[in-house]
Amino acid sequence: MDIDNKIDIIKSGTLEIISHDELKEKLQKDSPVAYIGYEPSGKFHLGHAITVKKMIDLQKAGFRIKILLADLHAYLNGKGTLEEIKEISEYMKKCFLALGLTDETEFVLGSSFQTDENYTLKVYELALSTTLTRARRSMAQITRSKKDHKVAEVIYPIMQVIDMLFLDVDLALGGMEQRKIHMLARENLPKVGHPAPVIIHTPLLHGTDGSEKMSSSIENFIAIDDSPEDIKKKIKNSYCPAGEIEGNPVIEIAKYFIYDTHDTLFIERPLKFGGNIELNYDELLEAYGNGKLHPLDLKNAVTAHLIKILEPVREYLK
RNA sequence: CCCGCCUUAGCUCAAUUUGGCAGAGCAUCGGACUGUAGAUCCGAGGGUUGCUGGUUCAAGUCCGGCAGGCGGGACCA
């Protein structure tokens, strides 16, 4: 696989790469490190899976993968006691492997290094040059509480930046909600003696209720190990206005979880509504957009395929 | 450390004045309507009234203590 080929694969399905040139340089390096961090909390859902799939692409392109199980970050974000969070970390680790990351993947528990003296001193150093406003702004889409803001909230992004120093990352991946923290990292890592990492952002999946972001704190997600019955129920109940593509979670699931590995989607449909059809992604958008494909038929097809696609994941996690 | 205000359903808040069956909106769930969901109608569930002690026939309501939140004051040699 040549470099341009790798870049095409890495680029597909992402919202932005900062920057392409730097990515190219990293790909010429000997086993560059790609990192992503997750707060172990709640269920592992399709929103998480989008980023994991991209990490798999990076792994195939020759990156060494480091997954940060950010237990202290989850703690700082009020997700529970350290014990509870540690328990979920174990479950999460299995989820990554179930989704297809190889066992060469390196899992790092945040608390295993985030209390080291050198780490702490770096956090203080960065704290000194980061304004409160900026730290808080970077957390706008991440923080759990919208009021009664705690100091923890501004320690969080600073630690995340220093994580990248200690994990020696060449590339950081995240959903679009991570953008402001990543920019903070790009700007500040050089000041603490580490080159700015390449940043890749993946899109956020809308919640099944149509809200901005799929999230385990609201019941608007499909977990990667949901039973077929749950998947049916959740997709059936999903927000899915006829003719509307933008922000339609069912279309998004088709796009990111079916069309990424299939050229076409086979849609079973009663004869009186036009009979079965098979559509590629462009045709699907066309047919759905002009009302020729009914939401229920779309839902049924997506449900059937998603159940099949997640079957090995369910089996692995059993 | 001191003073004041606040804490009631998952959320936002009524009910405190004058002690007398703890309510509404939103959210959730169910039904109707659409060949999906949503919207809209109709209906249902939902409570240790922050915790604790007391007064009273009776306390969300009055009194004491504690915890948490908000605001102010004081301290700053």
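In the text below, chain A, chain B and the rest are named by the order of the sequence lines, each starting its count at 1.
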Review point. Does a donor on one side chain sit under 3.5 Å from an acceptor on the other, for A:Asn280 and A:Thr264?
Key: no
Point to revise | Span that lies between the C1' atom of B:A15 and that of B:G23, in whole angstrom | key: 7 Å
**Study point:** Among B:A37, B:G35, B:U36, the nucleotide that comes nearest once only the side chain of A:Tyr239 is considered
**Key:** B:A37
Review point. Can you tell me how far P in B:U8 sits from the matching atom in B:G50, rounded to whole Å?
Key: 6 Å
Exercise for review: Report yes if a side-chain nitrogen or oxygen of A:Lys236 is closer than 4.0 Å to either non-bridging phosphate oxygen (OP1 or OP2) of B:A37; otherwise report no.
Suggested key: yes
Review point. Is B:G25 paired to anything, Watson-Crick or G-U wobble with both distances less than 3.5 Å, and if yes, which nucleotide?
Key: B:C11
Check your understanding: If the P atom of B:A9 is compared with that of B:A58, how far apart are they to the nearest Å?
Key -> 26 Å
Practice item. Could you check how far CG of A:Asn220 sits from P of B:G10, rounded to whole Å? Key: 20 Å
Exercise for review: Mind running salt bridge (charged side-chain N to carboxylate O under 4.0 Å, His left out) on A:Glu283 and A:Lys292 for me, showing each step along the way?
Suggested key: CA-CA 11 Å; A:Glu283 290 164 346; A:Lys292 293 221 169 76; over 6 Å; no
Review point. Who does B:C2 pair with, Watson-Crick or G-U, both distances under 3.5 Å?
Key: B:G72
**Study point:** Side chain of A:Ala242 (C-beta onward), nearest among B:U36, B:A37, B:G35
**Key:** B:U36
Practice item. Scan every strand shown for a Watson-Crick or G-U wobble partner of B:U40, both distances under 3.5 Å, and answer none if you come up empty. Key: B:A32
Check your understanding: Between the side chains of A:His45 and A:Asp226, is a donor N or O closer than 3.5 angstrom to an acceptor N or O?
Key -> no
Point to revise | side-chain contact (heavy atoms from CB on, under 4.5 Å) between A:Glu278 and A:Ile267, worked out | key: CA-CA 6 Å; A:Glu278 189 162 359; A:Ile267 299 171; over 6 Å; no
Exercise for review: With a 3.5 angstrom cut-off on both distances, give the Watson-Crick or G-U wobble partner of B:U17, or none if there isn't one.
Suggested key: none
Check your understanding: According to the Watson-Crick and G-U wobble definitions, with both distances under 3.5 Å, which nucleotide is paired to B:C62?
Key -> B:G54
Review point. Does atom CD of A:Glu117 have more than 12 heavy-atom neighbours, drawn from other residues, nucleotides or ligands, at distances under 6.0 Å?
Key: no
Practice item. Using the C1' atom as the reference point in each nucleotide, state the distance between B:A14 and B:C6 in Å, no decimals. Key: 15 Å
Review point. Do A:Asp297 and B:G35 have a side chain to base donor-acceptor pair shorter than 3.5 Å?
Key: yes
